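All chains are named by letter (A, B, ...) in the order of the sequence lines, taking the proteins before the strands, and each is independently numbered beginning at 1. Keep in mind it's a predicted model, so treat the numbers as computed, not measured.
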Amino acid sequence: MEKTYRPQDIETQWYQTWEEQGYFKPANNPDADPYCITIPPPNVTGSLHMGHGFQEAIMDGLIRYHRMKGNNTLWQVGTDHAGIATQMVVERLLEADGISRHDLGREKFIEKVWEWKHQSGGTITQQLRRLGASPDWSRERFTMDDGFSSAVQEAFIRLYNDDLIYRGTRLVNWDPKLHTAISDLEVISEEENGFLWHFKYPLTDDSGHLIVATTRPETMLGDTAVAVHPDDERYQHLIGKTITLPLANREIPIIADDYVDREFGTGCVKITPAHDFNDYDMGQRHDLPLINLFNDDAQMNTQAPERYQGMDRFEARKLIVADLDELGLLDKIDDHKLKVPRGDRSGVVIEPYLTDQWYVKTAPMAEKAIAAVEDGSIEFVPKQYENMYFSWMRDIQDWCISRQLWWGHRIPAWYDDQGNVYVGPSEQDVREKHDLGDINLKQDNDVLDTWFSSGLWTFGTLGWPNTDNNPNITELLKTFHPTNVLVTGFDIIFFWVARMIMMTLYFMNEVPFKTVYVHGLVRDSHGQKMSKSKGNVLDPIDLIDGIDLESLVKKRTAGLMRPKDAAKIEKQTRKEFAEGIEPYGTDALRYTYYSLASTGRDINFDVGRIEGFRNFCNKIWNAARYVLMNTEEHDCGQDGSQDYELSLADRWIISRLQHTENAVAEAIGNYRFDLASQAIYEFIWNEYCGWYLELSKPVLWDENASPALQKGTRRTLIRVLEATLRMAHPLIPFITEEIWQQVNTLAGVEGDTIMLQPYPEADQNLIDESATADIEWLKSVIIGIRNIRGEMNISPAKPLPVYLTNGSHEDQTRLNANRQFLAKLAHLETITWLNQGEEAPMSATALVGDMEILVPMAGLIDKDAELARLNKEVEKIQKEYQQVQGKLSNEKFVSKAPEEVVAKERTKMSDLETTLKKLALQQQSIRQL
RNA sequence: AGGACUAUAGCUCAGUUGGUUAGAGCACCUGCAUGACAUGCAGGGGGUCCUCAGUUCAAAUCUGAGUAGUCCUACCA
């Protein structure tokens, strides 16, 4: 093995082998419990970001864990066509050549999108491979592949036939830039600074005017009423009268409706049913006409007075305000903060707009979806997200699923010239079914919301709806559906999770998954959202492969929305990554994700931590080198014979391994990858490397040691390493495979890959508390001596004489059993056991229980330095002593606290007392020097 | 307006059922080329557990109020 761990040397190579060998496929074992995760399909044209990285790491950890546990494990993979997002990308590319999609026409444009998909659609899946993800690539799906498309069509048709899809003319959220309707969820409302315009509306009978307040003056041309609160005394006398709408010169009624908030503005509201959701409702209640003022671009149409026709809505606004001012009807303009609805993709202000769209009737589906979570069929982790889910589900609105786009699943509906609609899988089919002959039919132009198809993801990918004529597919669904876990971000609980639950319950009559693991957002180390404009984006691939400073600066400053941010971003990047980013490798990246994966909070990604975990990998690497050096070409006792003997240290590390295996299993069971990673880290670095490897040296390097003992140590070294590799494999797949290949035979294990080895499980019989106690004693003695050495600045190269005094019989037994370990690890020249009455030289002292460890001061230790060290120690213990004493002198504590708690404090107090006495004696004798 | 979450070392985070000397990694200080590893080893310093009040013999932990931050839902013409 190379002296230094270099991830790039091993990672891609192992991945290729795994994939080629088909290790990612489900085990061909129908008796094994199935375990299945479907990937949240990334946008096919997207590229990997830190959020994906995190999510994939969690899924792959779970998948590899269960695969090793022996489950029949399927990770279903695939990508999403992502309607609007993808269409926009391709449109932008065409735009660069001066072409619009309309120049090309629908078919040609769609061809272009497919071209683009074939070209760049592999990026994300290749990047998933870099992360070590182990899905079954042979089953990769795309939401617009033939099979899935027919699933989408089938779903639409069934819902339509069951009266759960309908077409209606209603107000929708209209994106005037993208020329499509969007759902409520795709509208982002944020507070912006605006104005509240107050206009005078003259009463028709010339008896005066009333004043309305509005944030959208341009819609006044479409007003069809003015509303006041029925109990508002100020306006009682006006109810039933009319005003003459300025500029439009229409007579409109003054109506009463308790929706009106008397406190807001003037208490008079202009009602524009065609351009505001609340006004629409009120229009319905009062039977008001709808006057639609806009065209698709949100320009004034011919319903507006000629003067304004063809104007953009915001131009029209200016002119209307000016005109009203001219007429003396502008009362005042107040500054006003308001929520402005914008399209999540286009960023432009969304218009409530009257159009024909397709809707899913969600209320009946939501009922079951709520019940499934209430009765525990589906569980959210962490649980608090269930409330979020319930509150949305209980107030769910019908879902607008038609989009005026070209890229997506076209709605399987045809219209005849009379506008009758026929829904079916194909034109031919609806002709036959409805006996239409050869009349003119035209297919609906719209496509379906991307999330409509995503809603079918868990079962559509497993072959639905073709279950009748293909038994294999039935088998797949039967085996792997419902899936076990959905790993996803909280941001798409409504977009996706909720809808998936509704759709799956409807079509499959079962839940899509049993658990929803919800993770937070991956942010930068200061908790800032990663964004191009902030220049704080980290690319997971850069963390794996490394990147030099200049390339990083270039990458971060290229293609900015506001080019003037470049200077700031460059400066900040040069400061933070003066040396660029080192190649940390996939394993280190994954470990960093795991260590931050406590549930219920966002993840602040700190580059400092990935370095630490790269070092951790290097630690494992070197530990393996040490083990191999000492076991290769030796008999490691794997032949089944019993001619080996386990040392105390051997029994201890085996015992610790069992504890760790328990802790890891528990942590993963609770989706606490942070705890799992910590337990593994702790075990490998501190226990296995820090103590056990050191404890193995005195045995292996002692020519006089018994061969049986040496064999036992070799056997333990290699077997614990091998088990540890398996334990860590789901988190750090590459380094564990690489090393495992070299240690497996020595450890008496056969197999082609660690991936398919059994996951280690704790054996309670191997937990050895007495070995643990003995090693703890040994560690305390060593640490006591090291402390003196460290604090007194005694060179580690200097072998020390040490005396032990006032020890118990047990101490003496332990000493005799561990002399060699002690001498080696504390670097001692001599160890002398003093019986009662035997004189010790003047020494620095450390205490282990009642036993005193003495390091003679002569020539090594300065009197004042030792006094200072002792003082520090005394102060620390005194503080503790006071605490305990305080508790015990509190009568209530003694009488009310459980007995064992009190007893514990009593023991502690007496221990502290003796310690203090001893330290005081020590101080006294040193002072007398 | 309603709701959720977060606040622990300089930084990023753990802290299970109330009883721990409140921990880890990084950073910091001191020493060390010891035959796996300087991507290392040994030792050390560093905390008003956001604030206040309450429950309790006992609160980082439970309850309430407040402060700060993050986010979600609804909506104010």
Side-chain angles (χ1 to χ4, degrees), chain A residues 1 3-5 189 196 212-216 219 227 259-261 263-266 268-272 276-279 336-339 382 384-385 387-388 391-392 395 490-491 493-494 520-521 523 525-527 529 582 584 588 595-596 598 600-609 611-630 666 670 672 674-675 678 681-682 689-690 693-694 697 701 783 786-797 824 827 872 876-877 879-880 883-884 887 890-898 900-902 904-905 908:
Chain A
M1 286 175 75
K3 185 173 170 185
T4 302
Y5 160 69
S189 286
L196 193 58
V212 297
T214 181
T215 55
R216 303 211 46 199
T219 64
Y259 158 77
V260 178
D261 175 2
E263 309 302 316
F264 190 89
T266 58
C268 300
V269 192
K270 61 189 271 313
I271 302 301
T272 324
D276 182 280
F277 290 102
N278 291 310
D279 292 6
H336 182 64
K337 281 199 196 306
L338 72 162
K339 292 273 180 115
Q384 76 235 21
Y385 286 105
N387 290 325
M388 190 170 147
S391 63
W392 189 72
D395 190 31
F490 66 95
D491 48 332
I493 289 183
F494 305 141
L521 205 65
R523 299 165 174 278
S525 62
H526 308 295
K529 222 170 182 163
E582 281 183 63
Y584 295 115
S595 73
L596 295 169
S598 65
R601 63 188 299 165
D602 283 345
I603 297 110
N604 294 353
F605 194 94
D606 183 1
V607 178
R609 295 195 70 155
E611 185 169 348
F613 294 124
R614 189 269 322 264
N615 295 352
F616 174 58
C617 290
N618 186 55
K619 191 77 179 171
I620 298 173
W621 188 263
N622 279 292
R625 285 180 59 227
Y626 168 82
V627 173
L628 284 171
M629 274 176 208
N630 287 286
E666 195 192 334
N670 295 324
R672 289 297 303 270
D674 58 328
L675 299 181
Q678 208 190 354
Y681 184 99
E682 179 80 12
C689 296
L693 295 191
E694 295 309 317
K697 289 172 183 176
W701 296 352
I783 287 168
R786 282 178 181 170
N787 175 279
I788 292 170
R789 209 190 262 282
E791 297 243 320
M792 296 299 117
N793 270 332
I794 301 168
S795 160
K824 173 77 179 128
H827 200 197
K872 203 168 80 182
K876 210 165 89 183
I877 290 174
K879 222 165 107 190
E880 224 183 304
Q883 263 178 21
V884 180
K887 272 190 200 175
N890 180 349
E891 203 184 304
K892 284 181 177 166
F893 171 73
V894 179
S895 59
K896 292 199 174 175
E900 75 242 36
V901 174
V902 179
K904 201 172 137 195
E905 294 297 321
K908 199 160 134 192

Identify, between A:His336 and A:Asp606, the residue whose nearest nucleotide on RNA chain B lies closer to the 5' end.
A:Asp606
By nearest heavy atom, map A:Asp674 and A:Pro796 onto RNA chain B; which one lands nearer the 5' end?
A:Asp674
Going by the angle between their ring planes, with limits at 30° and 60°, are A:His336 and A:Phe264 parallel, tilted or perpendicular?
perpendicular
Would you call the rings of A:Trp621 and A:Tyr5 parallel, tilted or perpendicular, taking 30° and 60° as the class edges?
tilted
Just checking [X]: base, sugar-phosphate only, or nothing, at a heavy-atom cut-off of under 4.0 Å?
X: A:Tyr681; answer: sugar-phosphate
X: A:Lys824; answer: nothing
X: A:Asn890; answer: sugar-phosphate
X: A:Arg614; answer: base
X: A:Leu693; answer: base
X: A:Phe613; answer: nothing
X: A:Ser895; answer: nothing
X: A:Asp276; answer: nothing
X: A:Ser391; answer: nothing
X: A:Pro898; answer: base
X: A:Lys529; answer: nothing
X: A:Cys617; answer: nothing

Counting side-chain heavy atoms from CB outward, which of [options] is closest to [X]?
X: A:Gln678; options: B:A14, B:C37, B:A77; result: B:A14
X: A:Asn604; options: B:A74, B:G25, B:U12; result: B:U12
X: A:Arg625; options: B:G44, B:C37, B:U21; result: B:C37
X: A:Lys697; options: B:A36, B:C75, B:G43; result: B:A36
X: A:Lys876; options: B:U21, B:A14, B:A77; result: B:U21
X: A:Arg523; options: B:C71, B:G15, B:U21; result: B:C71
X: A:Glu791; options: B:G19, B:G44, B:C72; result: B:G44
X: A:Val260; options: B:C13, B:A77, B:U21; result: B:A77
X: A:Arg672; options: B:A14, B:C76, B:A77; result: B:A14
X: A:Glu880; options: B:A77, B:U21, B:A42; result: B:U21

Determine which nucleotide pairs with [N], using a 3.5 Å limit on both distances of a Watson-Crick or G-U wobble pair.
N: B:C28; result: B:G44
N: B:C76; result: none
N: B:C71; result: B:G3
N: B:C50; result: B:G66
N: B:A38; result: none
N: B:U21; result: none
N: B:A9; result: none

According to the 5.5 Å centroid and 30° plane-angle thresholds, does A:Trp701 stack upon the nucleobase of B:G35?
yes
Gap in Å between the two [atom1] atoms, one belonging to [N] and one to [M], rounded:
N: B:G19; M: B:A59; atom1: P; answer: 11 Å
N: B:C71; M: B:A77; atom1: C1'; answer: 27 Å
N: B:U39; M: B:C62; atom1: P; answer: 42 Å
N: B:U51; M: B:G44; atom1: C1'; answer: 33 Å
N: B:G10; M: B:G47; atom1: P; answer: 7 Å
N: B:C72; M: B:G64; atom1: P; answer: 25 Å
N: B:U55; M: B:C13; atom1: P; answer: 35 Å
N: B:C57; M: B:G45; atom1: P; answer: 36 Å

Round to a whole Å and report the spacing from [atom1] of [X] to [atom2] of [N].
X: A:Tyr626; N: B:A36; atom1: OH; atom2: C1'; value: 8 Å
X: A:Met388; N: B:U73; atom1: CE; atom2: C1'; value: 9 Å
X: A:Trp621; N: B:C37; atom1: CH2; atom2: P; value: 14 Å
X: A:Gln384; N: B:U73; atom1: CD; atom2: C1'; value: 16 Å

So, do [X] and [Y] sit near enough that their side-chain heavy atoms are less than 4.5 Å apart?
X: A:Pro796; Y: A:His827; result: no
X: A:Cys268; Y: A:Val212; result: yes
X: A:Glu694; Y: A:Lys824; result: no

Would you say B:C37 has OP1 or OP2 under 4.0 Å from some side-chain N or O of A:Asn615?
no
How about CD on A:Gln384, more than 12 heavy atoms from neighbouring residues, nucleotides or ligands closer than 6.0 Å, or not?
yes
Under 3.5 Å, is there any donor-acceptor pair linking the side chain of A:Arg601 to the base of B:U6?
no
Mark yes or no for a side-chain to base donor-acceptor pair under 3.5 Å between A:Glu694 and B:A36, with no hydrogen or angle criteria applied.
yes
How long is the gap from CD1 on A:Ile794 to CZ on A:Arg786, to the nearest 0.5 Å?
14.0 Å
Mind checking the CZ-CG spacing from A:Arg625 to A:Asn618? Nearest 0.5 Å is all I need.
9.0 Å
Do the numbers put A:Lys619 on top of the ring of A:Phe613, so that NZ or CZ is under 6.0 Å from the six-membered ring centre and no more than 45° off the axis?
no
